[in-house]
Amino acid sequence: DHMNEDHADSLLAYVVHYTKLSSADSALLTDMSWAGMTLEVSHRSNLIKLMGLGWAGLGLVGCVRFGWEGRAKMGWAWLGCLGFFGLRQRTVVDVPFSRTPTTAKDIRPIVVEMHEEAYNNLGFAFKLRSGNYAKQLKNIFKQQRKTVAKQLDESLPARLALGTTMLVAGLVVVAFIERRRGSAVCR
């Protein structure tokens, strides 16, 4: 439960990086063994793959065609057919540990290493989409608050200093994100 609740972004990064399932939206840890993690992944299915389902694939094509042709009157039919034939899929994948743990205490450092490797290879856009930067900021603010509270004993100046620090850090992050968006649009 801890991994699914507190580290969902890491689980998704493991799936995208180590299994190359780039269409994954979310992942749930369902099992863990000495070999690695078993995750249930929600992802967009490949339409071409669905076409190989024979009659079900033909039914999907019929629904999509009907939906597009009749969308003014019956737009809901297209969406209903897509949902019925499951353009969203759930798949179970195994993500092996990068090295074999010898004790239970070895698992945490291994998954932290895997987290860092996955995020370093997936890049800025993935970190932004997955909420990694927001999570890091939250942790920084949390640590900053603890530090300021200890040093200044929760006085009014300490609260003002903490609030100002958090505001400035938040504005810097927003400016950075907006600048990145702007530069991507201008190219």
Side-chain angles (χ1 to χ4, degrees), residues 1-61 63-64 67 76 78-146 169-170 173 176-177 180:
D1 286 341
H2 162 70
M3 287 295 290
N4 290 327
E5 291 173 11
D6 298 335
H7 303 290
D9 60 320
S10 295
L11 297 175
L12 181 60
Y14 299 148
V15 169
V16 173
H17 176 67
Y18 292 105
T19 69
K20 307 300 182 209
L21 187 58
S22 60
S23 63
D25 301 312
S26 65
L28 288 172
L29 181 66
T30 57
D31 194 21
M32 189 178 288
S33 69
W34 291 106
M37 298 171 278
T38 301
L39 298 123
E40 184 178 319
V41 181
S42 173
H43 63 97
R44 295 178 309 279
S45 63
N46 185 343
L47 184 60
I48 294 168
K49 217 185 228 182
L50 284 175
M51 301 298 272
L53 294 177
W55 289 106
L58 289 175
L60 175 65
V61 172
C63 284
V64 171
W76 57 270
W78 181 72
L79 292 173
C81 290
L82 290 179
F84 178 76
F85 284 102
L87 286 180
R88 307 257 355 115
Q89 276 186 294
R90 293 194 84 65
T91 304
V92 175
V93 298
D94 290 321
V95 177
F97 290 132
S98 56
R99 56 188 167 88
T100 306
T102 54
T103 67
K105 288 182 180 179
D106 294 339
I107 294 174
R108 185 180 189 282
I110 291 170
V111 296
V112 168
E113 289 168 13
M114 291 174 67
H115 165 93
E116 290 170 1
E117 180 184 337
Y119 270 110
N120 288 339
N121 286 303
L122 293 171
F124 174 80
F126 182 85
K127 290 178 188 179
L128 190 60
R129 276 193 316 273
S130 69
N132 181 264
Y133 289 123
K135 188 175 178 180
Q136 286 180 5
L137 267 177
K138 184 179 175 183
N139 289 336
I140 289 168
F141 292 153
K142 190 176 179 180
Q143 188 59 41
Q144 181 69 20
R145 182 172 180 213
K146 285 180 184 177
V173 169
F176 177 76
I177 291 169
R180 292 286 290 187

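Applying the salt bridge (Lys or Arg N to Asp or Glu O under 4.0 Å) test to residues at least two apart or on different chains, none of the pairs has a partner in residues 26-36. Within the structure, side-chain hydrogen bond (donor to acceptor under 3.5 Å, both in side chains) pairs that include any residue of residues 118-128 comprise Asp9-Tyr119, Tyr119-Ser130 (at least two apart or interchain).
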Please list every donor-acceptor pair under 3.5 Å in which a side-chain atom of residues 104-114 meets a protein atom from a residue at least two apart or in another chain.
unit_1 : atom_1 : unit_2 : atom_2 : d
Asp106 : OD2    : Thr102 : N      : 2.8
Asp106 : OD2    : Thr102 : OG1    : 2.5
Asp106 : OD2    : Thr103 : N      : 3.0
Glu113 : OE1    : Arg99  : NE     : 3.3
Glu113 : OE1    : Arg99  : NH2    : 3.4
Glu113 : OE2    : Arg99  : NH2    : 2.8

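Considering all non-hydrogen atoms of both residues, Phe97 and Ser33 come closest at CE1-O, 3.1 Å. Nearest approach of Pro101 to Trp34, heavy atoms of both residues: CD-O, 3.3 Å. The minimum heavy-atom distance between Ala118 and Ala13, with the atom names listed, is CB-O, 3.8 Å.
When side chains are defined from C-beta on, Gln143 does not count as touching Lys138, because their heavy atoms never get closer than 4.5 Å. In this structure the side chain of Val92 reaches within 4.5 angstrom of the side chain of Thr38, judged on heavy atoms.
How far CD of Glu5 is from NE2 of His7: 10.5 Å, rounded to the nearest 0.5 Å. To the nearest 0.5 Å, the span separating OG1 on Thr30 from CE on Met3 amounts to 12.0 Å.
The side-chain hydrogen bond (donor to acceptor under 3.5 Å, both in side chains) check on Asn139 picks up nothing, with sequence neighbours excluded. The ring pair (Phe, Tyr, Trp, His ring centres under 6.0 Å) search around Phe124 returns Tyr133, Phe176, not counting sequence neighbours. By the side-chain hydrogen bond (donor to acceptor under 3.5 Å, both in side chains) test, Thr91 is found to be paired with His43, residues two or more places apart in sequence or in another chain being considered. Taking the side-chain hydrogen bond (donor to acceptor under 3.5 Å, both in side chains) definition, one finds that Ser10 meets it with His115, sequence neighbours left out. Evaluation of the side-chain contact (heavy atoms from CB on, under 4.5 Å) rule for Thr19 yields Val15, Leu21, Val93, Val95 as partners, not counting sequence neighbours. Applying the side-chain hydrogen bond (donor to acceptor under 3.5 Å, both in side chains) rule to Glu116 yields no partners; only residues at least two apart in sequence or on another chain are considered. With sequence neighbours excluded, the residues satisfying side-chain contact (heavy atoms from CB on, under 4.5 Å) with Val173 are Leu137, Ile177. When the ring pair (Phe, Tyr, Trp, His ring centres under 6.0 Å) test is applied to His17, no partner is found at least two apart in sequence or on another chain. Residues passing the salt bridge (charged side-chain N to carboxylate O under 4.0 Å, His left out) test with Arg90 are Glu40, sequence neighbours excluded.
Distance alone, capped at 3.5 Å, places no donor-acceptor pair between the Ser22 side chain and the Val16 backbone. One N or O on the side chain of Asn4 and one on the backbone of Leu29 form a donor-acceptor pair closer than 3.5 Å.
Within 6.0 Å of NZ on Lys20 lie more than 12 heavy atoms contributed by other residues, nucleotides or ligands.
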Can Leu11 and Leu39 be said to form a side-chain contact (heavy atoms from CB on, under 4.5 Å), step by step? CA-CA 8 Å; Leu11 297 175; Leu39 298 123; 3.6 Å; yes

side-chain contact (heavy atoms from CB on, under 4.5 Å) between Phe126 and Leu12, worked out: CA-CA 10 Å; Phe126 182 85; Leu12 181 60; 4.0 Å; yes

